[in-house]
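Just so we're on the same page: letters track the sequence lines, and every chain starts at 1.
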Amino acid sequence: MTITSPSSTSSPSDVDGPYLQVEDLTVTFPTQDGPVQAVKGLSYSVELGKTLGIVGESGSGKSVSSMAVMGLHDAKSSEISGSIRVGGTEVVGLAESRMRKLRGNAMAMIFQDALAALHPFYRVGDQLAEAYAMHHPKASKRDGRRKAIEMLDRVGIPQPDRRVDDFAHQFSGGMRQRVMIAMGLINDPSLLIADEPTTALDVTVQAQILDLLQDLQREFNSAVIIITHDLGVIAEMADEVLVMYAGRCVEFGTTKEILTRPEMPYSWGLLSSIPEVGASTDARLIPIPGNPPSLLKPPSGCSFHPRCSHRDKVPGDLCFTELPALTPASNRAGHLKRCHLPNPEEIYRTEVLPEIAPDLAEEIR
Amino acid sequence: MTQDPNAKVGIEASEIGANAAETGDRDLSHRDTDVVDDHEVVHAPLDFHELAEQGHAATALDPDAEPIITIDNLKMYFPVKSSGLVRRTVGHVQAVDGVSFEVPRGGSLGLVGESGCGKSTTGRLITRLYKPTGGSMMFEGHDLAKLSNSEMRPLRRDVQMIFQDPYTSLNPRHTVGTIVGSPLAVHNIVPKDKILPRVQELLEVVGLNPEHYNRYPNEFSGGQRQRIGIARALTLNPKLLVADEPVSALDVSIQAQVVNLLQDLQREFDIAFLFIAHDLAVVRHFCPEVAVMYLGKIVEIGDRDRIYSHAHHPYTQALLSAVPDVKQAAVGGRRERIRLEGDVPSPINPPSGCRFRTRCQFAQEICAKVEPPLLQIGKRHKVACHFAGELGSHPATPVTTDLLAIDDQGTPVAGATPTNEQLTIPGYEKTWYDLKSKQTTGV
Amino acid sequence: MSAQATGPETLGSLSDEPEINDPNSKQAKEISGKSPMQIALGRLRKDKIAVTCAIIVIFFLLVAIFADLIAKAFGVSLDTVTACEVLECNFAEPGVGYPKTGPPFYPFDPAHPFGLAPRTGADNLAHWIYGCRTSLMIAGAATLFSSVVGIVVGLVSGFTGGVVDKILSFITDFFLTIPFLLAALTISPIIIDRFGTSDSYETIQIGSLILILSLFGWMTVARLIRGEVLSLREREFIHAARVLGMPTRRILFKELLPNLTAPIVISISLMLPAFVAAEAGLAFLGIGVTGSASWGQTIANAVPYWSNYPLYLWEPLIGVVALVLALNLLGDAVRDAFDPKTRR
Amino acid sequence: MFAYVVKRLLSGVVVLFLISMSVFLLFWYGPSEPAQTICDNDTSNRCTPARLEVFRENLGFNNPWYEEYGKFMKGVVAGREIQFGSTTKFDCPAPCLGYSYRTKAPVFEEMKQRMPATFSVAIGGAFLYLTLGIPIGVAAARRRGTLTDKALVSSFLVISSIPYYLFALLTWLFLTISWEIPLFSDTGYFPITENPAKWFSGMFLAWMALGAFGCTTYTRYSRGSMVEVLNEDYIRTAKAKGLRDNTVVYKHALRSALVPVITIFGIEFGTLLAGTIFTETIFDIDGIGLWSLQAVAQRDLPVVSATALFAAAVLIISNIVVDVIYSVLDPRVRLS
């Protein structure tokens, strides 16, 4: 047991332009009951050395969008439009053979359920070595094994030279997730997507994994996307946050901005519906009413309006009829929101904050 | 029974399909059976202030409440069979090993810990899904641990349970009316024609449309199903509810709806809760008292303030420091984090002495030799650690030596007699052992 | 604020489709709950192949049930005839023992629409109709018995566990180790000889066949049900029932059994065609039903006449194949309907 | 694993014991007189009641059943002497399964003679349907949802829904009787050691029938299993590593997909080896299956009980082999 000192999450970036650039991404799944638009007009970018957090409920399209970045959607059962540029290469419509060279090499992905995501019949070492050999055709078998042991050691697995010959089911949950991370990082990818990497883990193990991810990112200087529904994880890990709802980006900004001055009622709802370990006991737990919308029949206008408790502050029936554009929030650079409210900053400060965090509201006042 | 207006949280439900699309084509197959209709009572405000009115602050403690259930030295060992020609019992999983606590009438005790620590087993012992290996569970003059299944039956009305998984906790082949009404039918409480009105009343209490009693669970969303499960648990007017991870399978925004509903119900019907969860923040909100479990034992128990702000056990401290904190990060920077190395040891062969010692930075020889007693160190605060102390001020020498008549290495001191008599009492004593003065004191 | 009073009035502001949100509206009442069973049946109704197969199966069922009436309507019967009245009995010439009217050498004879059997002169249509009855009766009864036995064994061994489960599982495995065909071959003649007095020979034969098929048919059901019970037993709704103080019998029959409809329907859908095929197969080997009409027996009789009189073989063969095929395809559709994940 | 195999073998012995006893009892208390068969078969004399009584006495039917069963068991373990009629005595070494009532030949010897035929049929047929069925199934799974896949699956479903013996019967009737195709017309078993070409042409039709029919079912098994595996998370991981499609399918997916198929195959292959009654009857191959059918018709007790024991033993062994293979293929499975 050791005490680690708090650290800053950012490191200077030395590349011109973001490494990953997603523009107007739309992912549609044709189904028997009609097309399901899981992601609609999504744009974002991540620079090397930076972490983007994507947050939203299940069904908000956060996983679908990153699977599209990895090119993991089956071309037969999905339609992808828009543009995804990874390190300057356009990925949408890229030939499968060239896509394969990027996958697992320039970009890698870590999945939520490591037990299901690792092959049950192959030794983890072989699975790691396979990932290495795929993108290093000249490497010998022994190189692959050495690399696998090295990576297992790097992610903090004790006795890596012995455990390299174990199967996935012989590891504990946290160790398994470390194997998953080792596999993702074995080819030193510039882009790492972590899809709910700690959801199934206990808090102490989650803390280990998050620390590990942060250390490794600093070391590899890669661009990281972390997908989660847990704002706490976002708060600790991300430099910037993308809030998704019903397939769309509804708010975007630096982590501090989003967590301290959110300007979209859905973000407020997320903040108000989770209790905090350190918050005042007078803070109220205010849920978001209702359930996430159907993607088959998305609501008209703003997707969030059926659950929004601030829509009567918008003149007319704008929320019902018109989709708000993603516009800059109260004059701060880089903070975008998708909402018709004319004065969200004021509403949050005067109405929402006193209810959900009376202590913080005092401080700001 | 009066209606609490707070119970009806306003809901607009919509057809689902959302979950399926999240993972692309992989889960679309079950979509056509997973249609969610508008089942919830739709008359809550969409005005923020009214909504905020209905939300709750954390539940407060009633220090004078009598205990409704007293658990004393509860044990559950599951046999482990060998894998030879003859299957002998080669050991036991000590899932719960000597746990003692009280749940106050109408109050709630939170049980936290990591997976495998025995908190769910404890819940299942209290509801008698398992018969305990040892110990007692005194509930209104009956020892639940000793009753036979048939003797237990009448008491089941008073002790009910809410389950974790809203998808498997409801029988898919029964209508909501049958599910919620079956407790009445089983216990023959009301005549058959009175069941339906009672069911509808209950559905309304949990915020569902009472007209939808003839629907099947597959037509409801996860949050709505959890409400049905809660209605079923309420049917018999229980005095104690064991809630086993009641919100951990739900979407973030739905969790708050259910937590608020449970708070409403507790206030209205004066139900005591044993609230089992791994989410420390939810437990802090719901429970004025919290017990922390590690490897089948309670390592620290106390009221909210003592556990969350003045934890004395290194494990509790590590657990709390591991929880990511939104507001902390928002204000700037991260809290210090205690990093626990390694994994939880196997409950078949737990470490000797203190079970946490293998991962504890303060562990010394005494920890391997002597198991630390669950010592009362404050008015409502007990901790099981030889080196109990607040974060950053753990003592250098064991605090328990005088009480146990041992020296700093854990060897018994000849001639000395243990002085502490209150080691396994489930509740709290009027006096306690003050760590600073090393004296028994009281207010 | 009481729900009854304010319910409907506050609805409008909440939804873009307020009329459906009204719990008291007509639509809401009409859309009553759909059980998983109803959903499966609905899916089945939309499946064209399933509907076609169901129609074919119903046709055979009707033939079997109204065999007497149909035979009378066509004026045919199983009665034995003096062979030489209808057959060419001249042993010296080629075409020995073939019928004097109808196929294979003469034009269609309306008195015997399916023709006559060579050598015996029996009416093919009558044998076909009663063969259908034999087939469905044996298969249906065997399915019923083995389902009941299998369900009971599976339920008990899955739910009780422990020693009972071990013993029942051993018995199940024991029966699975016995090769069915060989056992049927061995046992059926013995049972028939033992109990078959001359006047009830036919009934005994059918009864013993049903017994044998059931004896070796219940294990798969038992295994399926046991596996299902084992997984259901760990579901939280069973825990919930226990916590509610439900007696074990009620848990078994009210909570578990309804959830076993799918595996039960599925195993029935697998057993029925298998038993139809097995009955005909045993008769084909000369060991099944020999005392009364059976398709398998007719097939065995017809093989030597294949070159000159293929129709004689085709008639029972098409009967068996059509029935088994329809039952199998229907069963496949049923399985899909109950478990959409296995969709083709 | 060793302990497991021993345990399973022991319980297999118990099962065999129970089966042999049941067969024995069935005949003992069965209505028809086994002595009658042997008496009728003794062609040199007519079967008079007096002669029947001699046979009864000699076969031990006048003794209590457990005494005779004891003799039978002793024969299996240590061998024994058997007497037919009043004069002839045979020495029957262990494992003595008795002498056939019909042919008066030692049963064990006869069984050994017939085994190659049955093994030839079963192994050849199984080889054909595996090598056809699995690749077709995998190919269909990769193209799932396409028109080819649908057509293939539904036509195979139809074929595999026909009772096997009718399929085999029609194959035989058309190919040898109606069309008189030369390669197929000479079915039967000829030892491979004497004339491999004749062995091949004699077996060919049986293999074709077994192979064609089995291929349809194995295509469906392997396709279904493959489709399921292709939806697993670890396949997505493999793709995310940047592996080639063929590597993903043949290295990562196929191994998992084959496990359930092999399980089914193991058990069905056991049944095949135990006696392909229909195939042997229709194609007139003198193997275990045909032999057992004839024995049953003739009430030839020693042969029936021998075939029953043989079949059960083969099934037990194939079950154990399947379990062992399973534990080797899937490291998560530990036999206990």
Side-chain angles (χ1 to χ4, degrees), chain C residues 49 53 170 173-196 273-274 276-278 280-281 284-287 295-296 299-300 302-304 306-307 310 313-314 316-318 320-332 341-344, chain D residues 11-12 14-16 18-19 22-23 26-27 29-32 144 149-150 153-154 157-158 160-167 169-170 172-174 177-178 220 223-224 227-228 231 267 270-271 274-275 277-278 281-282 289 292-293 295-297 299 304-305 307-308 311-316 319:
Chain C
I49 295 174
C53 290
F170 179 81
D173 287 345
F174 175 69
F175 272 92
L176 279 170
T177 319
I178 303 173
F180 158 71
L181 208 51
L182 200 61
L185 288 176
T186 316
I187 301 172
S188 63
I190 291 173
I191 298 181
I192 292 163
D193 284 0
R194 182 93 182 162
F195 301 102
V276 171
F284 172 72
L285 291 177
I287 295 195
W295 282 338
I299 291 173
V303 169
W306 166 256
S307 320
L313 181 78
W314 280 122
L317 195 136
I318 286 173
V320 177
V321 170
L323 181 56
V324 173
L325 195 62
L327 282 172
N328 264 324
L329 295 183
L330 184 64
D332 204 61
K341 269 192 206 152
T342 63
R343 194 167 289 162
R344 275 167 275 158
Chain D
S11 88
V14 174
V15 167
L16 287 181
L18 286 175
I19 288 178
S22 334
V23 175
L26 266 176
F27 274 85
Y29 290 106
S32 60
R144 65 187 177 283
D149 173 46
K150 279 179 186 156
V153 167
S154 43
L157 175 67
V158 169
S160 61
S161 295
I162 300 170
Y164 164 69
Y165 56 91
L166 293 180
F167 180 84
L169 181 67
L170 285 176
W172 179 71
L173 286 174
F174 274 109
I177 310 274
S178 299
R220 290 176 60 220
R223 182 191 171 277
V227 165
E228 214 162 275
N231 277 327
I267 288 156
T271 320
I277 294 181
F278 281 117
T281 310
I282 290 167
S292 62
L293 183 63
V296 166
R299 311 283 191 272
V304 171
S305 87
T307 48
V314 167
L315 283 185
I316 290 166
N319 273 329

Got a second to check how far [X]'s [atom1] is from [Y]'s [atom2], nearest 0.5 Å?
| X | Y | atom1 | atom2 | value |
| --- | --- | --- | --- | --- |
| D:I277 | C:F180 | CD1 | CZ | 10.0 Å |
| D:N319 | C:T177 | CG | OG1 | 6.5 Å |
| D:L315 | C:D173 | CG | CG | 12.0 Å |

For C:V324 against D:S161, the heavy-atom pair lying closest together: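 So the minimum-distance heavy-atom pair works out to CG1-O, 3.1 Å.
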
What part of [X] gets within 4.5 angstrom of chain C, counting heavy atoms only: side chain, backbone, both, or neither?
| X | value |
| --- | --- |
| D:T271 | neither |
| D:L169 | side chain |
| D:L16 | neither |

Counting heavy-atom pairs under 4.5 Å to chain C, which of [options] comes out on top?
| options | result |
| --- | --- |
| D:I162, D:V158, D:I267, D:V314 | D:V158 |
| D:L173, D:L166, D:V15 | D:L173 |
| D:G289, D:A312, D:S292, D:A313 | D:A312 |

Qualifying residues under side chain to side chain contact (heavy atoms under 4.5 Å, CB included), relative to C:A302, sequence neighbours excluded: C:Y312, C:L313

For D:V14, all residues meeting side chain to side chain contact (heavy atoms under 4.5 Å, CB included), sequence neighbours excluded: C:F170, D:L18

Validation row: C:I299, D:Y165 side chains within 4.5 angstrom (heavy atoms): no

Identified side chain to side chain contact (heavy atoms under 4.5 Å, CB included) partner of D:L157 from the options C:I49, C:N328, C:L325, C:D332: C:D332

Pick from C:G296, C:P273, C:A322, C:A280 with the largest number of heavy-atom pairs that fall under 4.5 Å of chain D: C:A280

Choice from C:A326, C:G281, C:S307 maximising heavy atom contacts with chain D below 4.5 Å: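 When all of C:A326, C:G281, C:S307 are compared, C:G281 has the most.
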
Aromatic plane relationship, D:F174 with C:W314 - under 30° parallel, 30 to 60° tilted, over 60° perpendicular: tilted

Audit row: C:L317, D:L170, side-chain contact (heavy atoms from CB on, under 4.5 Å) steps and yes/no: CA-CA 10 Å; C:L317 195 136; D:L170 285 176; 3.8 Å; yes

